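First comes the structure, then the notes that go with it.
Computed from a prediction, not measured in an experiment: that's the story for all the values here. In what follows, chains are A, B, ... by sequence order, proteins preceding strands, each numbered from 1.
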Amino acid sequence: MSTSGAFDFPPATLPDGAARLRGDVRAFIAASSVTDGWQPRSNFMSSFSAEFSRALGQQGWLGLTWPKAYGGQERSALERFVVTEELLAAGAPVAAHWVAERQSGPLLLRYGTEAQKQLLLPGIAAGETYFSIGMSEPDSGSDLASIRTRAERTDNGWSITGTKVWTSNAHVNQWMILLARTAPQSKDRHAGLSQFLVDLKNDAITVNPIHNMLGHHEFNEVVLDETLIPADRLIGEEGQGWHQVTAELAYERSGPERFLSTYRVLFELVQGQQSNADAAGKRAIGKLAARLMALRTMSLSIAGMLERGENPDLAAAVIKDAGNTFEREVVEVARQVMPLEPAREAGNVGTYETLMAEMMLQLPSYTLRGGTPEIMRSIIARGLGVR
Amino acid sequence: MSEATRLTAESADRLFGEFVTKTVLDEADAGTWPNALWQAVDEAGYTTAWDDQDRDSRDIALTLAHRDGWHTAPIPLAETLLARHVLLVGGITPPSGILTVANPLNLDNPTLDGTRLTGLARRVPFARDAIAGVVTVVNDAVVLAPANATLEGSNMAGEPRDEVVWDNADVVVGGAFLPERLLAAGALLRSAQICGALQHALARATQYATEREQFGRPLGKFQAIQHYLARIACLSATSEAALSRASASPDNANVAAAKICASEAAGDAATLTHQIHGAIGFTQEHALHHITKRLWSWREEFGAEGWWQEYLGGVVIGAGADALWPLVVADS
Ligand SMILES: Cc1cc2nc3c(=O)[nH]c(=O)nc-3n(C[C@H](O)[C@H](O)[C@H](O)COP(=O)(O)OP(=O)(O)OC[C@H]3O[C@@H](n4cnc5c(N)ncnc54)[C@H](O)[C@@H]3O)c2cc1C
C-alpha cells in the first residue's frame with residue numbers, strides 16, 4: 001500500500017515583487033471603486049465593465065504571463081494569481097475579460113497559429129477583446145463528448161451547423177471558441193472533435209437571449225446553420241479537440257474564483273459581528289476562516305503547478321469540489337449567525353440582506369458552471385485509480 | 001517537501017513499517033508498552049529531532065508526527081518531541097528518556113511555590129510511561145514535573161491518558177512561556193498526526209474498494225463509493241494544505257486553521273472509511289479501527305475544532321472585516 005497521499009499540493013511561495021504588485025493592485029481597485037462607484041460582487045460573472053477591464057489592461061495586469069510580443073509581461077503564473085485573487089476578494093467587475101484572459105488566451109497561446117495569436121492576444125491583454133465558451137449543447141452538458149454540432153470542410157473553410165447553449169455573454173463578447181465534431185462519432189468517444197474560432201459579431205449566427213432565474217440576461221443560445229467560416233479559424237489540430245478542451249478546462253476550474261464567489265458574504269458577516277459576536281458566532285466565523293485559509297493555500301499551490309508547466313487537472317477537480325462546498329457553506333453559516341431576511345430590492349435594508357438574496361439565488365449555478373461536483377468527484381475517483 | 005523531510009519520511013516509513021505490526025498494536029491496546037518500537041525510534045534519533053529552533057528541525061518533527069500518525073505508532077513520540085522542544089526554549093536541559101506534555105487547558109488549580117508544584121493534570125498522554133517527566137506551563141513559565149500517574153485512563157484508541165497529581169512536588173522551573181503557545185504546538189503536532197492517519201484511511205479505503213467485489217464488480221465501480229472516496233480525498237487535501245501553511249509559518253491563526261481542518265476532516269473521513277469497509281471494518285481483527293479510533297481521539301486533543309474555531313473567530317472579528325483578506329493571504 002502506498003504510504004503517500006493521493007493528491008499532492010506542493011507548497012508554493014510567491015516570488016519577490018509579488019507583495020509590491022499586490023499593493024499596486026489593491027490601490028488601483030480602491031481608487032476605481034470610488035471613481036467608478038461599483039458595488040463589490042465576488043462572483044466573477046456578476047459585473048461586466050469594459051471600462052474596468054480596459055483600465056486593468058492599461059496597467060499591464062491582463063495576460064501577465066504571456067510573451068511581450070503578444071501584449072503580455074512575461075511574468076509568472078504566481079504573480080497572475082495575486083492579481084486574480086485580489087480582484088475577486090475585492091469584488092471588482094471582472095466579467096468582461098475574465099474568460100478570455102483565463103482560458104481562451106492560454107489556449108490560443110498553446111495551440112493557436114501565429115496569425116491567430118497576433119490577431120487576438122494583444123486585444124485580450126488590453127482588456128478589449130472578450131471570449132465566450134461554446135461547449136455545452138441542449139443534449140450535451142456533463143457528457144461533453146456527446147456534442148452534435150458538426151463542422152464540415154468546404155473549399156475554403158468550414159461549414160458549421162448546431163446549437164450551443166448557456167453561452168455566457170455571447171451577446172456582448174466578440175469571439176467564441178466552439179467545440180464541434182469534425183468526424184462522426186466512433187468507438188473512441190473523444191476522437192473526431194475540433195475547436196474553432198467563431199466571430200460573434202460578423203459570422204452568420206443567431207444569438208438568442210436566455211434569462212436566468214434572477215431575470216438577468218447572462219447566458220444565450222447560439223445557433224449555427226451552415227455557418228461558413230474561413231479555414232484559418234481552426235484552433236490547433238483537427239481531431240485534437242478533446243485533448244485541447246481538457247487543457248482549457250483545467251484553466252477554467254482551477255482558479256480562486258471557484259471558492260471566492262461568496263467571499264463578500266463572509267466579509268459582511270464579519271463586519272456584522274463586530275460589536276456583538278457570541279461564542280457561536282465566533283465559532284462559525286472561525287470555521288469558515290480556517291477553510292478559506294486552507295483553500296487559498298491549495299489554490300496558490302495550483303498556481304505553482306501552472307508556473308512549472310504541470311497539468312493541474314486533478315488538483316483542479318479537488319479545488320472546484322471543495323471550493324463549491326465552501327461557497328455554499330458560507331451562505332448557510334451566515335443564515336444561522338445573522339438571520340436577517342434576504343431582500344431582493346435594497347429598499348431600506350443593508351448590503352448584507354441584498355447580498356444574501358443575490359447569493360442564494362446564484363448558488364445553484366456555482367455547482368453547474370465549469371462542471372458539476374458529481375463530475376468532479378468522478379474525476380477524483382479516476383485519479384485514485386478506482387474507475 | 002525538502003530533501004531532508006523526504007528522507008525522514010522514507011526512513012520513518014521503513015522503521016514504523018517494520019515495528020508497528022498488527023500484533024504490536026493489539027498488545028499496546030491491551031496495555032503492553034511496545035519496547036522494541038520505542039528503542040528503535042530512540043536509536044534512530046527521532047525523539048531529539050525538534051531540539052533545534054529552526055524551520056528545518058520543525059519540518060522534520062512534523063514529518064515524523066505525520067508518519068507516526070499514518071502508521072498509528074502507539075508511542076508518545078509527538079509528546080517527547082514537543083516536551084524536549086519546550087524545555088529547550090525554556091532553558092531547561094531535557095532529561096533523556098520518555099517525556100510527555102500536559103495540555104495547559106487540562107490543569108486544575110496548579111499552584112507553583114518556588115520549585116514546589118501542587119495541582120492536578122487530567123488526560124496526560126502516556127504519563128505512566130513517561131519516566132523522564134511531564135512538561136507543562138504554570139504561571140507563564142515552563143515546568144518540568146514528575147509524571148505521577150495516580151489514575152490510569154485511556155482515549156478511544158486505548159492510548160494512555162492518565163491523571164497526574166502533584167502534592168508539593170519538586171519541579172524544575174524554566175523561562176517564560178505562554179500556555180497558549182504550548183497548546184498551539186500540541187495542536188500542530190496532532191494536526192500532523194491526523195493528516196497522516198487521514199492519508200492512511202484514504203489509502204485503505206481505496207485499496208478495499210478495488211479488492212472487494214459485490215454484484216460481480218469491485219465496489220469502486222459504484223458511483224456512490226467513488227464519491228465517498230473523492231470526499232475523503234478532498235478532506236485529506238484540505239487538511240494537508242492547512243498543515244503545510246502552519247508548518248511554514250506557525251502563528252496561532254495558522255495553527256488554529258490546521259487543527260480546525262484536521263479535526264473536522266477526521267470525523268467525516270472516519271465515517272466514510274467505515275462505510276466503505278462494511279462489517280469487516282467493524283471487527284477487532286481488522287486494522288481499520290486502529291486508524292479511526294485515533295482520528296476520533298486526536299480530533300479532540302489539544303483543542304477540538306470548536307475550541308480553535310472560537311479562538312480564530314475571535315481573532316478575525318477582533319481584527320475587523322478589512323483585515324480578513326490580508327490574514328488569508330499573509331503566508332505569501
Ligand atoms: C451560470 C452558468 C453559465 C454557464 N456558462 C457556460 C458557457 O459559457 N459555455 C458553456 O459551454 N457552458 C456553460 N454552462 C453550462 C455548464 O457547463 C453545464 O451546466 C454543466 O456542464 C452541466 O451540464 P447540464 O446543465 O446540461 O446538466 P446535466 O449534465 O444534464 O446534469 C444534470 C445533473 O445530473 C448530474 N449528472 C450528469 N451526468 C452524471 C454522471 N455521469 N454521474 C453523476 N451525475 C451526473 C449532474 O452532475 C447534474 O447534477 C453554464 C452553466 C451555468 C449554470
Largest heavy-atom contact set with chain B, pairs under 4.5 Å, which of Val82(A), Val318(A), Leu78(A), Val270(A) | Val270(A)

Using a cut-off of under 4.5 Å on heavy-atom pairs, state which of Lys259(B), Glu264(B), Glu240(B) scores highest against chain A.
-> Glu264(B)

Out of Ala322(A), Pro373(A), Ala89(A), which one racks up the most heavy-atom pairs below 4.5 Å with chain B?
-> Ala89(A)

To the nearest 0.5 Å, how far apart are CG in Leu266(A) and CH2 in Trp325(B)?
-> 10.5 Å

Side-chain polar contacts of residues 215-235 of chain B - donor-acceptor pairs under 3.5 angstrom, sequence neighbours left out - could you list them?
| from | atom 1 | to | atom 2 | distance (Å) |
| --- | --- | --- | --- | --- |
| Gln226(B) | NE2 | Gly220(B) | O | 2.9 |
| His227(B) | NE2 | Glu374(A) | O | 3.3 |
| His227(B) | NE2 | Ser378(A) | OG | 3.3 |

Examine whether an atom of Ile260(B) lies under 4.5 Å from a heavy atom of chain A, and if so say whether it belongs to the side chain, the backbone or both; otherwise answer neither.
-> side chain

Name the region of Leu260(A), side chain, backbone, both or neither, that has any atom closer than 4.5 Å to a heavy atom of chain B.
-> side chain

Would you indicate whether Asp16(A), at its atom CG, is surrounded by more than 12 heavy atoms from other residues, nucleotides or ligands within a distance under 6.0 Å?
-> no

Ile285(A) CD1 to Leu324(B) CG distance, which is reported to the nearest 0.5 Å | 9.0 Å

Which bit of Ala289(A) is near chain B, if near means a heavy-atom gap under 4.5 Å: side chain, backbone, both or neither?
-> both

Counting only pairs under 3.5 Å, give me each side-chain donor-acceptor contact of residues 23-32 of chain A, with atom names and distances, residues two or more places apart or in other chains.
| from | atom 1 | to | atom 2 | distance (Å) |
| --- | --- | --- | --- | --- |
| Arg26(A) | NE | Glu86(A) | OE1 | 2.9 |
| Arg26(A) | NE | Glu86(A) | OE2 | 3.4 |
| Arg26(A) | NH2 | Glu86(A) | OE2 | 3.0 |
| Ser32(A) | OG | Asp36(A) | OD2 | 3.2 |
| Ser32(A) | OG | Trp38(A) | NE1 | 2.8 |

With a 4.5 angstrom heavy-atom cut-off, which part of Ser244(B) approaches chain A: side chain, backbone, both or neither?
-> side chain

Does atom CD of Glu211(B) have more than 12 heavy-atom neighbours from other groups under 6.0 Å away?
-> yes

What are the two closest heavy atoms between Ala242(B) and Ala294(A), and how far apart are they?
-> CB-CB, 3.9 Å

Mind running side chain to side chain contact (heavy atoms under 4.5 Å, CB included) on Glu85(A) and Val328(B) for me, showing each step along the way?
-> CA-CA 11 Å; Glu85(A) 70 172 355; Val328(B) 170; over 6 Å; no

Heavy-atom distance under 4.5 Å to chain B: side chain of Phe267(A), backbone, both or neither?
-> both

Contact list (residues 326-335 of chain A to chain B, heavy-atom gap under 4.5 Å, by number) returns none

Under 3.5 Å, side chain of Glu310(B) to main-chain N/O of Ala280(A), donor-acceptor pair present?
-> no

Atom CD of Glu213(B): over 12 foreign heavy atoms under 6.0 Å = yes

Please identify each residue that fulfils side-chain contact (heavy atoms from CB on, under 4.5 Å) with Glu18(B), with sequence neighbours left out.
-> none

Out of Gly306(B), Gly196(B), Ala209(B), Ala241(B), which one racks up the most heavy-atom pairs below 4.5 Å with chain A?
-> Ala241(B)

Do you know which of Ala246(B), Ala319(B), Cys261(B) has the most heavy-atom pairs with chain A at a distance under 4.5 angstrom?
-> Cys261(B)

Please examine the side chains of Leu202(B) and Leu384(A), heavy atoms only from C-beta on, and report whether any two atoms are closer than 4.5 Å.
-> yes

Taking all heavy atoms of Met298(A) and all of Ala237(B), pick out the closest pair and write down the distance.
-> CE-CB, 3.9 Å

